[in-house]
Amino acid sequence: ASRQAAATALGAGLSALVCGLTVVAAALVGVRAVADGRLDGVALAVVVLTPLAAFEAVTGLPLAVQYRQRVRHSAERVFEVLDAPVPVREPVRPETPPASPFPLVLDGLSARHAGQERAALTDFRLTLETGRRVAVVGASGSGKTTLAQVLLRFLDVEHGTYRIGGVPAWELDGDAVRRLVGLCAQDAHLFDSSVRENLRLARTGASDEELREALRRARLLDWVDALPAGLDTLVGEHGSQLSGGQRQRLALARALLADFPVLVLDEPAEHLDLATADALTDDLLRATEGRTTLLITHRLHGLEAVDEVLVLDGGRTVQHGPYAELAAAEGPLRRMLDQERATDLLVVGPETSLPAPGGDRPTFLAK
């Protein structure tokens, strides 16, 4: 904005300067012509005013140059998107979506991002039935988010199969897949509007009672009720008026309101402090009880509530099973748990409650 303002000022100043110099030059020439008898006094006024009239036709040129530059940069961004390779191939004649997405089966699945030599997921297997909750854990770059992209058909399968209710996912329209499999992402977008309108993105005809129920399940209703404007409270651009935890809870409430048969939670507690992240995870698992859910996370807090845990490393499943068994046995998840407990001690201090390595209850660590 500062550069544009400077360019506007410079363009306007130069235009005025050139116009003024032209008028002065025309006046000097006209005065000399009048003195020599080649021009009468009335015509002198015409000579002086002609440059002013002529410059009115070009006063918009500096602004036009700025707009041209702005439009050119915008066009470059648009064409960058248009020229990008298509991440998924939509079927020419899509199959009819199944009445139920279950069982949702990934068998021997491999996926690769464009331009990458190594597959982001390799020989991955997962089966989701009604009400089953599965957590996928692993370090950054292990393939967790790639799995979410495959499930929502944002990325095509390279090898293996992905079936929804017995129908290959690539034979279904992408929007049909995303009506069956929904996502609550770590960077879920909030529009500069009210709480009510942000929720109604999920279901435009939802009543206030339904909105309040979704907020209650996301543990956000008490906060909304305490606001002077309630559901009509503006959240600001990108949810700037909310805390990180409130933004994620509002995104969860929106996902719950949409009532997807399969809900994918992709790092919902990312970028939050430990206490807020763990409280949010507890509420997520409580809100999704009885709902088919895939929780993608790098933290292990609260995972004793899920039915199965899959540990990814380098795009491969290196361990899977119930959380209690994996936490008690020597292996990747136990090492992740020990590392998480050590990191938590550094962040929050020695007097804190942390998950026990193999138990269901937290262990109090005293100084």
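The structure presented is a predicted model; accordingly, all values stated were derived computationally and were not measured.
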Glu171 and Arg93 ion-paired at < 4.0 Å: no
Donor-acceptor side-chain pairing of Thr288 and Arg133 below 3.5 angstrom: yes
Lys/Arg N to Asp/Glu carboxylate O, Asp222 vs Arg219, below 4.0 Å: no
Beyond-backbone contact of Val157 with Thr161, side-chain heavy atoms, under 4.5 angstrom: no
Crowding at CZ, Arg316 (>12 non-hydrogen neighbours, <6.0 Å): no
Atom CZ of Arg286 with >12 non-hydrogen neighbours under 6.0 angstrom: yes
Within 6.0 Å of CD in Glu129, more than 12 heavy atoms from elsewhere: yes
Spatial distance of atom NE2 (His159) from atom CG (Leu121) [nearest 0.5 Å]: 12.5 Å
Nearest-0.5 Å distance that lies between atom CZ in Arg132 and atom CG in Leu104: 12.5 Å
salt_bridge(Arg203, Asp259) N-O dist < 4.0 Å: no
Derivation of the side chain to side chain donor-acceptor pair (under 3.5 Å) call for His298 and Ser140: CA-CA 8 Å; His298 67 279; Ser140 297; over 6 Å; no
Asp192 versus His238, side-chain donor and acceptor atoms under 3.5 Å: no
Pairing of Arg153 and Glu90 as salt bridge, 4.0 angstrom limit: yes
